[in-house]
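Here, residue 1 is the first one in the sequence, and each next residue gets the next number.
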Amino acid sequence: MLSNIPAHGIDEPATKDFVRAEIATVRTEIGHLRDELHQETGGLRTEVGHLRDELHQETGGRRTEFATVRTEIESVRTEIQSTANRIIIWAVGANAAMLGLVLAVTRAT
């Protein structure tokens, strides 16, 4: 019955030494891949670190600009308040003068 089945080279059983050699080859390849992965990961970490530094620099610059704008806004607010106070004082003075004029005119008549 076995004479009807053709014999091929792939039908030979694997020896322990052959399996051990193949496992060693696979482990070596995995080691190389692990080393490559660590190198790539290190490169990515360095690049992310540089990007983080750039972002902090940009953010710091923006914060300085915002602080300058806030200072300018406060200056304008103070100037507006001062002008409003002068207008109120002028209006009260003008009303007092008008009242004095009205009283003088009514006493004269």
Side-chain angles (χ1 to χ4, degrees):
M1 180 157 200
L2 289 176
S3 63
N4 294 333
I5 300 174
H8 296 288
I10 59 171
D11 290 339
E12 295 177 15
T15 63
K16 287 182 180 181
D17 291 335
F18 176 76
V19 171
R20 286 184 184 130
E22 290 297 313
I23 289 174
T25 302
V26 170
R27 286 183 178 164
T28 303
E29 289 178 22
I30 289 173
H32 290 304
L33 291 173
R34 183 179 295 136
D35 292 342
E36 286 180 31
L37 181 62
H38 284 298
Q39 288 174 354
E40 289 295 323
T41 304
L44 287 174
R45 286 182 179 160
T46 302
E47 191 172 333
V48 167
H50 291 308
L51 290 173
R52 184 180 294 140
D53 292 342
E54 288 179 25
L55 181 62
H56 284 298
Q57 290 173 356
E58 287 294 323
T59 304
R62 296 296 180 248
R63 288 181 181 164
T64 303
E65 290 175 19
F66 286 143
T68 302
V69 169
R70 285 186 184 122
T71 303
E72 291 175 7
I73 289 172
E74 189 60 35
S75 174
V76 169
R77 181 179 290 148
T78 303
E79 186 177 335
I80 289 171
Q81 188 175 16
S82 176
T83 303
N85 287 341
R86 279 185 277 161
I87 290 172
I88 290 170
I89 291 170
W90 178 85
V92 169
N95 283 335
M98 183 64 83
L99 182 61
L101 183 63
V102 169
L103 287 175
V105 169
T106 54
R107 285 190 183 177
T109 41

Looking at CZ of F66 and OG1 of T59, how far apart are the two atoms once the value is rounded to the nearest 0.5 Å? 10.0 Å
Return all side-chain donor-acceptor pairs below 3.5 angstrom for residues 21-36, not counting sequence neighbours, or 'none' if the list is empty.
residue: T25; atom: OG1; partner: A21; partner atom: O; Å: 2.9
residue: T28; atom: OG1; partner: A24; partner atom: O; Å: 2.8

Distance in Å, L51 CG paired with E58 CD, rounded so as to fall on 0.5 Å steps: 12.0 Å
Test: salt bridge (Lys or Arg N to Asp or Glu O under 4.0 Å). Region: residues 75-87. Which pairs qualify, not counting sequence neighbours? E74-R77
Report, as yes or no, whether the 6.0 Å neighbourhood of atom CD on Q81 holds more than 12 heavy atoms from other residues, nucleotides or ligands. no
For the atom pair CD1 (I89) and CG (N85), what is the distance rounded to the nearest 0.5 Å? 6.0 Å
Is the side chain of S82 donor-acceptor paired with the backbone N or O of T78 at a distance under 3.5 Å, no angle test? no
